[in-house]
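Note: hydrogens, waters and symmetry copies are ignored here, and every other heavy atom, side chains too, is used. Position 1 is the first residue of the sequence, and the numbers go up from there.
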Amino acid sequence: MTDLETRAAPSRAGALRRAAPALLGYAAVRGLGLIALALWSAARDKSAYTLLTARWDALWYTRVAELGYGYEVRLANGDVHSNLAFFPLLPWLERLVAAVSPLSHADGGFLVSLVASLAAAWGIFAVADHVYGRRAGVCAVLLWAVLPVGIVQSMAYSESLFTALAAWSLYAVLTGRWVTAGTLALLAGLTRPVGVAVVAAVWVTGIAAFARERRAGPSAQERGDTDGPGPRTRRALGMLLAPLGTAGYVLWVGHHTGKGPLGYLDVQAGWRNGFDGGYAFARFVAEKFTSFPSALAGAGLIAGVASVVWLYVVGVRQRQPLPLLVYTGVVTALALCASSYFGSKPRLLMPAFPLLLPLARALAGPRLRRSALVLGPVAVASAVYGAFWLNGSGPP
């Protein structure tokens, strides 16, 4: 057991009261973003609701919810875009909402994202509060809300749902609730491919705990310094549950396509998605320096990547708990080192919320008024940028 695990968790009602400032602040920031989107869209004679529920990936999720898997688009260049690339939990929830209410599948996706975004905010607060205290928890949630691509949290996408499951799974690991952690990791693995990051966090932390107990030896067990048979069994069960979501869907896709366990990789290849260690992204950045205007964008990309790496290094130096470091490292590596569409990388990094903890700690130090002076203008800028972004190229 670690000191974090032995800290008593508050009751559910007490936990909600403790998280209330963070959740109210989050709702205010996201409400501001939606108002800005509505005004900007109206000025351009567009529907803000359509932008949130019926573009890009949202359309693919809705089609899966309505018709199931098997739909694909063959492009002129030979690429095949199959809806098997989209993991099933969000479409299942959209179908459930449509079955029990008069809402459409697209409406269901929007509703799920709104609820999941609040659950994600609460989970981020719970993790940050557990590790660094309440004020850091509030600041972490507000920082996540004001991300430049924060508008995605309100779209009928799977980012909010995944982040909620990941955050609460990590919190369960931190508090020693291993079966809960494994179950939530399983569900995260049914939501997005990056669910492997949650699985890695559960497994690495679990193996480290078993290794620590093994080093402690029989004498430590006699003194009660180890978890004991019951907790160890629950830890092992949680570890066994964790990978079942990702593995189950990937194996099902392989069977469905007739291409075996690697069939899902072929599906992703049809979308030109893959893992090349960052070579394609590095080449994309290098090409920006072929002309002066685009060189500014290239410099911005380098600065952005350097900032992400720096925040992770600071997290390591501040001794963030092992599950947070493992999870963040895997999410960041998959986002930066994938050969997928480069414009989507900020969105892919959004679930890596522990990267924000060093900034949250820094903001939690000054007086509350000073933190508000920092976060207020950033929230406005984020709302304006989100409205501009979604009315333009937007998230692919």
Side-chain angles (χ1 to χ4, degrees), residues 30-31 33-38 40-42 44 46-73 75 81-99 101-120 145 147-165 187-188 190-195 249 267-268 270-273 335 340-341 343-351 383 385-396:
R30 289 273 37 87
L34 292 176
I35 291 172
L37 176 65
W40 195 297
S41 301
R44 294 175 60 86
K46 291 184 179 181
S47 167
Y49 189 70
T50 299
L51 295 177
L52 293 169
T53 62
R55 294 184 75 183
W56 302 295
D57 290 5
L59 290 173
W60 287 89
Y61 283 119
T62 299
R63 184 179 289 273
V64 173
E66 292 175 345
L67 304 174
Y69 287 105
Y71 175 78
E72 62 183 29
V73 174
L75 305 183
H81 290 183
S82 168
N83 65 0
L84 290 169
F86 297 88
F87 277 50
L89 185 58
L90 178 57
W92 287 348
L93 293 175
E94 291 179 349
R95 189 177 301 170
L96 176 63
V97 171
S101 73
L103 298 176
S104 68
H105 292 90
D107 296 335
F110 182 65
L111 178 62
V112 169
S113 290
L114 287 183
V115 174
S117 66
L118 286 171
L147 289 174
V149 293
I151 190 65
V152 174
Q153 297 163 16
S154 301
M155 296 183 68
Y157 272 42
S158 61
E159 274 76 8
S160 290
L161 178 60
F162 174 80
T163 304
L165 294 168
L187 293 173
L190 287 171
T191 307
R192 295 184 62 80
V194 75
Y249 182 67
V267 170
Q268 286 286 6
W271 287 81
R272 303 223 169 186
N273 294 333
S340 56
Y341 178 68
S344 66
K345 290 191 181 295
R347 176 171 65 89
L348 298 179
L349 282 168
M350 194 188 321
Y385 178 76
F388 164 78
W389 189 48
L390 202 54
N391 274 276
S393 60

- Query: With sequence neighbours excluded, what pairs up with Glu66 under the salt bridge (charged side-chain N to carboxylate O under 4.0 Å, His left out) test?
  - Reply: none

- Message: Pair Leu89, Leu165 - check side chain to side chain contact (heavy atoms under 4.5 Å, CB included), show working.
- Response: CA-CA 11 Å; Leu89 185 58; Leu165 294 168; 3.8 Å; yes

- Note on the structure: By side-chain hydrogen bond (donor to acceptor under 3.5 Å, both in side chains), Gln153 pairs with (sequence neighbours left out) Tyr26

- So, for Trp40 and Ala387, which heavy atoms are closest and what is the spacing to 0.1 Å? CB-CB, 3.7 Å

- Note on the structure: Across all chains, not counting sequence neighbours, the ring-ring contact (aromatic ring centres under 6.0 Å, His included) partners of Phe86 are Trp60, Tyr61, Trp271

- Note on the structure: Rounded to the nearest 0.5 angstrom, the OH-CG distance for Tyr385 and Leu390 is 11.0 Å

- Task: Return the set of residues passing side-chain contact (heavy atoms from CB on, under 4.5 Å) with Ser41 (not counting sequence neighbours), or none when no residue passes.
- Result: Leu37, Lys46, Ala48, Leu51, Asn391

- Note on the structure: Residues passing the side-chain contact (heavy atoms from CB on, under 4.5 Å) test with Pro88, sequence neighbours excluded, are Tyr69, Trp92, Leu190, Tyr249

- Where do Leu52 and Leu34 land on the side chain to side chain contact (heavy atoms under 4.5 Å, CB included) test, with the steps shown first? CA-CA 10 Å; Leu52 293 169; Leu34 292 176; 3.8 Å; yes

- Message: For Glu72 versus Ser82, what's the shortest heavy-atom pair and its separation?
- Response: CB-CA, 3.9 Å

- Rounded distance (nearest 0.5 Å) linking atom CG of Asp57 with atom OG1 of Thr62: 10.5 Å

- Message: List the residues meeting side-chain hydrogen bond (donor to acceptor under 3.5 Å, both in side chains) with Ser101, not counting sequence neighbours, and say none if there are none.
- Response: none

- Query: Who are the side-chain contact (heavy atoms from CB on, under 4.5 Å) partners of Ala42, not counting sequence neighbours?
  - Reply: none

- Query: With sequence neighbours left out, which residue pairs that include part of residues 147-161 fulfil the salt bridge (Lys or Arg N to Asp or Glu O under 4.0 Å) condition?
  - Reply: Glu159-Arg192, Glu159-Arg347

- Task: Identify the heavy atoms of Ala65 and Pro91 that sit nearest to each other, and give their distance.
- Result: CB-O, 3.5 Å

- CG of Asp107 to CD of Glu94, rounded to nearest 0.5 Å, is 10.0 Å

- Query: If you round to the nearest 0.5 Å, how far is OG1 of Thr163 from CE of Met350?
  - Reply: 7.0 Å

- Item | Any side-chain heavy-atom pair of Asn83 and Leu67 under 4.5 Å | no

Donor-acceptor pairs under 3.5 Å, side chain of residues 110-119 to any protein atom, not counting sequence neighbours: which ones?
| from | atom 1 | to | atom 2 | distance (Å) |
| --- | --- | --- | --- | --- |
| Ser113 | OG | Gly109 | O | 3.1 |
| Ser113 | OG | Met155 | O | 2.5 |
| Ser113 | OG | Tyr157 | O | 3.2 |
| Ser117 | OG | Ser113 | O | 3.2 |
| Ser117 | OG | Leu114 | O | 2.7 |

- Any pair counted as salt bridge (Lys or Arg N to Asp or Glu O under 4.0 Å), so long as it reaches residues 108-118, sequence neighbours left out: none

- Message: Could you work out, with side-chain hydrogen bond (donor to acceptor under 3.5 Å, both in side chains) as the rule, every residue matching Arg44, not counting sequence neighbours?
- Response: none

- Note on the structure: In short, Val149 meets Trp389 closest at the heavy-atom pair CG1-CH2, 3.4 Å

- To the nearest 0.5 angstrom, please state how far the CG atom of Leu96 sits from the NE2 atom of His105. 10.0 Å

- Message: For a quick test of reading the model, state the closest non-hydrogen atom pair linking Ser154 to Arg30 and the distance between them.
- Response: OG-NE, 3.2 Å

- Query: Of the non-hydrogen atoms in Ala383 and Gly33, which two are nearest, and what is the gap between them?
  - Reply: CB-CA, 3.7 Å

- Item | Non-neighbouring partners of Tyr71 that pass side-chain hydrogen bond (donor to acceptor under 3.5 Å, both in side chains), sequence neighbours left out | none

